[in-house]
Colleague: 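Can you keep this structure in mind? I'll have questions shortly.
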Amino acid sequence: MVRTRFAPSPTGALHIGGVRTALFSFLLARSLGGQFFLRIEDTDRARFKPGTIQQIMDSLRWTGIDFDAGPDHASLSKLGEDFPGALPDAANHGIPGPFVQSERLHLYREHAEKLVAQGVAYRCNETPEELQRMRLEAEAAKRTFTFKKANRLRADVQPGDPGHHIRLDMPIMGQAVLDDLVMGRVTFEYANVDDPVIVKGDGSATYHLAAMYDDWAMGVTHIIRSTEWLASVPKHLYLFHVSGWPMPKFGHVPNVNGEDGKKLSKRKGAPSMFEFRDAGYLPEAAMNYLALLGWAPGGGDEQNVFTSAELFAKFSMAHVGSSPAIFSYPKLDWLNGTHIRRLAPDDLAGRLMPFLKKAGITVETPEQKAMLARVIPLVQERLKRLTEIGPLVDFAFVKTIPPVPRELLIGPKMEQHLSLFALKAARDVLGTQQFDDDAGLEKTMRDLCDELKLKPNQLFTIIRNAISGKTVTPPLFGLMGVIGKDVCLARIDAAIQTLSA
RNA sequence: GGCCCCAUCGUCUAGAGGCCUAGGACGAAGCCCUCUCAAGGCUUAAACACGGGUUCGAAUCCCGUUGGGGUCACCA
């Protein structure tokens, strides 16, 4: 059974690069019918930022990445980080937890001692200052500094010595070879790999030990992570080797860079997933876009628009590219539009609610809800982002609109008096019309055009502007039906007033 | 700087020696449709970083150059 994971450290909100790494890991599991889980890497207590575990879980789930296991209420309570939407206790689907590393410190410690006993790890007590001095000396001598066992300043460190740390005793020659799922074959010389610290002076484990231990203990079959880890591969490979653990597969996915070609970072304003949500993007579009950032179906398949189910069916690590990608909005916007168009109208209505509210449009009464339902089909194909809904429909939800300026009421290539004449004629005809038939409305207005020797564009522009106060709206006659006869005529009357003045 | 990785249109990519006068998508430009805006349809411009090899033949393999990225913590 395939088992993958995403293992962020709770030091800040997840940004798009992290979410994409999680997505690939998730899609790999889903595509192979395996399991995917979330693990929190909080071995460094100093960098812990309260609230970020919830942020991580929420943004993953918003994107459509759900996990078979992860921190549950019990784990989160211990950290004082519990929240209502967390995983139910013990909902781990057979994956051994707990999924928060601070609860597992004793396991790492135990394993490190075993490695020391085995003679493949050793104790040492160089101080940070001493280490720093050694580096500086090496640099001055134009040597690269590589800490090996032979470099210890004191070789007689005892188990009980306070504050000592433990390093893994890496080979001094030979090479480590990894056949990476994404990068292909990667080779490292052991000679220039440091002996990594696996247990710190305070007794806690470093990433190298904790993450690998957990990946083994939790039965991870494919370690999918970002390329920033590629350089530590020899350490990890060797740790697996000396521990006697079965070797998992590794896949290092490239970074996502910003428009400037540099790695995305929070400092440079890399957006969190919540910002995408708030900017009116659909999770469907976000997942689709992220998947395309570095992955393509390949094999002559040129599909661009994917549902999550299609992604589950088609995703494969074999088609994840090895070069970094640049994040850019235009294609995301396009995908968002296409996914909006694929939504069922009442689904779209639901998703629009927070954005309508933000735009100051209240949709609470049955009448208002009915209005929204009628307006949706008119706007669905012209929405790129949910945030655009406000100006498109606000005038339909209010009784009166601000006075429309005179310039807007003069038709293209027309004079004021002609426009006024046309408006009055339209008002007369509309006064006798039923407003419940869009096609009928349009027909009579087109007839009026013929009669007045005006182009539809000329007459319709005047009416549109008079009724909406805007030059860009959804289709006119559908809108008039939605707004209703009384309100339409009142607005036309007001426009006639303006033009007559 | 050492080590490692990467390199196809502006962007995301297809391409695993002949199917490539390099395909698709976004974006751009133009046309059509059209009551505005969209959506849709059609068309155009746009790339194998450079230099050497290997081969009958290279975007695809090798070497070098250049450019970019990652990493060099008792952080992850």
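Convention: sequence-line order gives letters A, B, ...; per-chain numbering from 1. All values reported here derive from a predicted model rather than from experimental measurement.
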Colleague: Whole-Å distance between B/U36 P and A/Glu407 CD?
Modeller: 21 Å
Colleague: Can you name the residues that form a side chain to side chain contact (heavy atoms under 4.5 Å, CB included) with A/Arg104, not counting sequence neighbours?
Modeller: A/Pro98, A/Leu107, A/Tyr108, A/Tyr213, A/Asp214, A/Ala217, A/Met218
Colleague: Is there a residue in residues 455-466 of chain A whose heavy atoms reach under 4.0 Å of RNA chain B, and which residues are they?
Modeller: A/Pro456, A/Asn457, A/Phe460, A/Arg464
Colleague: Could you tell me which residues satisfy salt bridge (Lys or Arg N to Asp or Glu O under 4.0 Å) with A/Arg135, sequence neighbours excluded, listed by chain and number?
Modeller: none
Colleague: With 3.5 Å as the limit, what N/O pairs link the protein to nucleotides 41-47 of chain B?
Modeller:
none

Colleague: Salt bridge (Lys or Arg N to Asp or Glu O under 4.0 Å) with A/Lys443: which residues, sequence neighbours excluded?
Modeller: A/Asp447
Colleague: Applying ring pair (Phe, Tyr, Trp, His ring centres under 6.0 Å), can you list everything that pairs with A/Phe395, at least two apart in sequence or on another chain?
Modeller: none
Colleague: List the residues meeting ring pair (Phe, Tyr, Trp, His ring centres under 6.0 Å) with A/Phe240, not counting sequence neighbours, and say none if there are none.
Modeller: A/Trp245
Colleague: Can you establish whether the number of heavy atoms outside A/Lys249 located under 6.0 Å from its atom NZ is more than 12?
Modeller: no
Colleague: Is any side-chain nitrogen or oxygen of A/His252 closer than 4.0 Å to OP1 or OP2 of B/C6?
Modeller: no
Colleague: A/His208 and A/Pro196: which non-hydrogen atoms are nearest, and at how many Å?
Modeller: CD2-CB, 4.0 Å
Colleague: How does protein contact run along nucleotides 66-76 of chain B, one letter per nucleotide 5' to 3', with B for base contact, S for sugar-phosphate only, - for none, heavy atoms under 4.0 Å?
Modeller: ---SSS-SBBB
Colleague: With a 4.0 Å heavy-atom cut-off, tell me which residues in residues 282-296 of chain A come close to RNA chain B, sorted by residue number.
Modeller: A/Leu292, A/Leu293, A/Gly294, A/Ala296
Colleague: From CZ of A/Arg143 over to C1' of B/C3, roughly how many Å is that when rounded to an integer?
Modeller: 17 Å
Colleague: So what's B/C72 paired with, Watson-Crick or G-U wobble, going by both distances under 3.5 Å?
Modeller: B/G1
Colleague: Which atom names give the shortest non-hydrogen contact between A/Leu409 and A/Asn465, and what distance separates them?
Modeller: CD2-C, 4.3 Å
Colleague: With ring pair (Phe, Tyr, Trp, His ring centres under 6.0 Å) as the rule and sequence neighbours excluded, what pairs involving residues 128-162 of chain A come up?
Modeller: none
Colleague: Can you tell me if A/Ile172 has over 12 outside heavy atoms packed within less than 6.0 Å of its CD1?
Modeller: no
Colleague: Using both distances under 3.5 Å as the test, list the Watson-Crick or G-U wobble partner of B/U55, or none.
Modeller: none
Colleague: Got more than 12 heavy atoms from elsewhere within 6.0 Å of CD, A/Glu139?
Modeller: no
Colleague: Please report the distance separating the P of B/G18 from the corresponding atom of B/A28, rounded so that it comes out in whole Å.
Modeller: 36 Å
Colleague: How does protein reach along nucleotides 20-26 of chain B, written 5' to 3' as B (base within reach of a heavy atom under 4.0 Å), S (only sugar-phosphate), or - (no contact)?
Modeller: ---BSBS
Colleague: Report the residues that fulfil side chain to side chain contact (heavy atoms under 4.5 Å, CB included) with A/Val482, sequence neighbours left out, ordered by chain and then residue number.
Modeller: A/Met371, A/Arg374, A/Val375, A/Leu378
Colleague: Looking only at non-hydrogen atoms, find the nearest pair between A/Leu38 and A/Pro8 and report the distance.
Modeller: CD1-CD, 3.7 Å
